[in-house]
Trainee: 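Okay, handing you the structure first.
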Protein chains: 2
Amino acid sequence: MSDRTHQRNDQDDSQGALAQLQAFLAAKEYPLNTRLPPERSLCAELGVNRTALRKALAVLEAEGQIWRHVGRGTFIGTKPVDNINDVGFISRRTNPAEVMEARLLIEPELARLAALSATSADIAEMQHCIRKTKTASEWRVYEAWDNKLHRAIAQATRNNLLLALFDTLNMVRRATVWGRLRTAKPTPDPGHHSFAEHDALVAAIANRDMDLAAACMRRHLETVRRKLLGSTENGG
Amino acid sequence: MSDRTHQRNDQDDSQGALAQLQAFLAAKEYPLNTRLPPERSLCAELGVNRTALRKALAVLEAEGQIWRHVGRGTFIGTKPVDNINDVGFISRRTNPAEVMEARLLIEPELARLAALSATSADIAEMQHCIRKTKTASEWRVYEAWDNKLHRAIAQATRNNLLLALFDTLNMVRRATVWGRLRTAKPTPDPGHHSFAEHDALVAAIANRDMDLAAACMRRHLETVRRKLLGSTENGG
DNA sequence: TTTTCAACCAATCAAAAAATGGTATCAATC
DNA sequence: GATTGATACCATTTTTTGATTGGTTGAAAA
């Protein structure tokens, strides 16, 4: 058998596997995103050795007709894009400085919109949270109500999407490792800076003063950042 | 044994369990989000029967100091908000008006920070996207590069958390049903309003003019909103 | 009647087992 | 010798299985 014949036989074999695979897929009419049988099963079913089958599969993958993934299988269609909105995924790629920067960027604007959109029930809820922070005798309790206050402001925007984004930010914040940054006095101080800042913030929202509400929130968060991370980088 | 005595003993018992549990927690000083031992172990450790322990735990849960979940355990702090990170979940609860409002609230601030933090490579990427939008002959291509431009600005903040939040917002926007709102001319117009607005925006970022960058982004998005939803509600 | 205890239930988690696409190895074949 | 084909092995993922945990029920005990 000559070299030429040899080569033609090889081509025939691989092309045969590809043709057989295509015929198989055409006959089955798999819907999109269907997982087709594992390679080892397809080998037996099509009567082709695995190497030839994988070459045929590689052709179809290059054409974008299928996509494969180790451990999962081979699927009809194109590979879906990764949805990496997972809180754990994000929090593993951020740090306290970024979290504070994000809060400083978003929450003042939430307060501004809340001043426009808050209902009186929203404002009552904020004032309730403030009262609770003032009577808290433990930091754990204080922080719980401080959390609720900030969420109440996000909710007062009356925008479900903004509220969802705030919740995501909040979950990342709570999942972030703050280490020694959060060490503080054993019990909340009656003269704690946040009390006056919270009062001014909610008062601005109640007065529908959008600019002042944003400014109060920014001032409050900058105080928090200064306490946590030290003085700001640009010194304002 | 009189009824009165009997009742006092009951109170003593349950209050005793609660007091013992509180003492236990105070002694351990568990950090936030710590899982404390399962009820069956706590029973043995505190020498209290499970019913009394569960009553005490219920009190602490009502106070917001702990939260419990079947199969998981009991945790210090308040129950975290449910998984509202799912894009499908959010987009089912929002609408085009909310999406535009959220973009108008967040993206100008992203542009402001980008003006401060962008590298020259970031700015080159933005200019590249702008060039591509101008040569696009189909809306699909135009929108792809417009998308990349806005994402490049978010990336230029050099803040992974903000970028993740922007991506979430973006995915919700793309998953939102816009219906007839998006109907437009068949092909991009050379005099399309976005071209000049994009140019001014990226120029402001390149000049490190934070206020101007934010203003340009706001003006651009307000134009988009006007085109999509008609005139703004408050008439500005 | 009330309290206590054990058993059970549904949800959850964690570790083991199986499955799957990718790769190396080596004999078989031309 | 070079190529092919079968086998075994690898890394990743899915499925399965058993244990764990908060919640509930019902009978026994006080």
Side-chain angles (χ1 to χ4, degrees), chain A residues 1-18 20-21 33-62 65-80 82-84 86 88-89, chain B residues 1-18 20-21 33-62 65-80 82-83:
Chain A
M1 209 178 275
S2 71
D3 282 348
R4 202 165 143 276
T5 305
H6 184 164
Q7 194 175 3
R8 200 187 63 230
N9 277 352
D10 291 353
Q11 285 187 351
D12 283 352
D13 280 4
S14 56
Q15 286 186 3
L18 179 57
Q20 231 173 331
L21 177 58
N33 298 329
T34 308
R35 194 184 96 179
L36 45 89
E39 293 180 352
R40 291 162 177 82
S41 307
L42 270 182
C43 291
E45 189 156 1
L46 299 183
V48 187
N49 68 63
R50 200 168 158 217
T51 311
L53 174 66
R54 282 183 53 74
K55 281 185 184 173
L57 285 171
V59 173
L60 263 57
E61 186 177 32
Q65 300 193 30
I66 62 173
W67 64 277
R68 304 182 278 181
H69 192 18
V70 190
R72 288 206 226 176
T74 308
F75 300 84
I76 305 285
T78 59
K79 186 171 186 174
D82 315 351
N83 270 2
I84 40 181
D86 180 40
F89 181 86
Chain B
M1 199 182 281
S2 71
D3 282 348
R4 199 166 145 277
T5 306
H6 186 163
Q7 193 176 3
R8 199 186 64 228
N9 278 352
D10 291 353
Q11 286 185 351
D12 284 352
D13 281 3
S14 56
Q15 287 184 4
L18 179 56
Q20 229 172 331
L21 176 58
N33 298 329
T34 308
R35 194 184 97 178
L36 45 88
E39 293 179 354
R40 291 161 177 83
S41 307
L42 270 183
C43 292
E45 189 155 2
L46 300 184
V48 186
N49 68 63
R50 197 167 161 217
T51 310
L53 174 66
R54 283 181 55 74
K55 280 185 185 173
L57 286 171
V59 173
L60 263 57
E61 186 177 31
Q65 299 195 29
I66 63 173
W67 64 277
R68 305 183 276 179
H69 193 31
V70 189
R72 287 205 230 175
T74 308
F75 300 84
I76 303 287
T78 60
K79 184 172 186 173
D82 297 340
N83 286 352

Trainee: Considering residues at least two apart in sequence or located in another chain, which fulfil the salt bridge (charged side-chain N to carboxylate O under 4.0 Å, His left out) criterion with B:E61?
Mentor: B:R68
Trainee: Please report, rounded to the nearest Å, how far the C1' atom of C:dC5 is from the CG atom of B:L53.
Mentor: 14 Å
Trainee: In whole angstroms, how far is the C1' atom of C:dG22 from the CD1 atom of A:I66?
Mentor: 14 Å
Trainee: Quickly work out the A:L42 CG to C:dG21 P distance and round it to whole Å.
Mentor: 8 Å
Trainee: Grab the CG-C1' distance between B:L36 and D:dT21 for me, whole Å please.
Mentor: 12 Å
Trainee: Name all residues meeting the side chain to side chain donor-acceptor pair (under 3.5 Å) criterion together with B:R40; count only those two or more places apart in sequence or in a different chain, and write none if there are none.
Mentor: none
Trainee: Just the rounded figure in Å: distance from C1' of D:dT20 to CD of B:E39.
Mentor: 12 Å
Trainee: Would you indicate which nucleotide in D:dG5, D:dG22, C:dG21 comes nearest to any side-chain atom of A:N49?
Mentor: D:dG5
Trainee: With A:Q65, which residues qualify under side chain to side chain donor-acceptor pair (under 3.5 Å), at least two apart?
Mentor: A:E63
Trainee: What is the minimum heavy-atom distance between B:R50 and B:C43, and which atoms define it?
Mentor: CA-SG, 3.3 Å
Trainee: Looking only at heavy atoms, which two atoms of B:L18 and B:A56 are closest? And how far apart?
Mentor: CA-CB, 3.7 Å
Trainee: Rounded to whole Å, please give me the gap between CZ in B:R50 and P in C:dA7.
Mentor: 13 Å
Trainee: Identify, with sequence neighbours excluded, every residue that meets salt bridge (charged side-chain N to carboxylate O under 4.0 Å, His left out) alongside A:R54.
Mentor: A:E39
Trainee: What residues, two or more places apart in sequence or in another chain, satisfy side-chain contact (heavy atoms from CB on, under 4.5 Å) together with A:N49?
Mentor: A:T51, A:A52
Trainee: Round to the nearest Å and state the distance from A:K55 atom NZ to D:dA6 atom P.
Mentor: 13 Å
Trainee: Dump every N/O contact between nucleotides 11-16 of chain C and the protein below 3.5 Å, one line per pair.
Mentor:
unit_1 : atom_1 : unit_2 : atom_2 : d
C:dT12 : OP1    : B:H69  : NE2    : 3.2

Trainee: Would you state whether a donor and an acceptor, one from the side chain of B:R40 and one from the base of D:dG23, lie under 3.5 Å apart?
Mentor: yes
Trainee: Once you round it to whole Å, what is the distance between C1' of D:dT20 and CZ of B:R68?
Mentor: 16 Å
Trainee: Check whether any side-chain nitrogen or oxygen of B:T74 sits under 4.0 Å from OP1 or OP2 of D:dT21, and answer yes or no.
Mentor: no
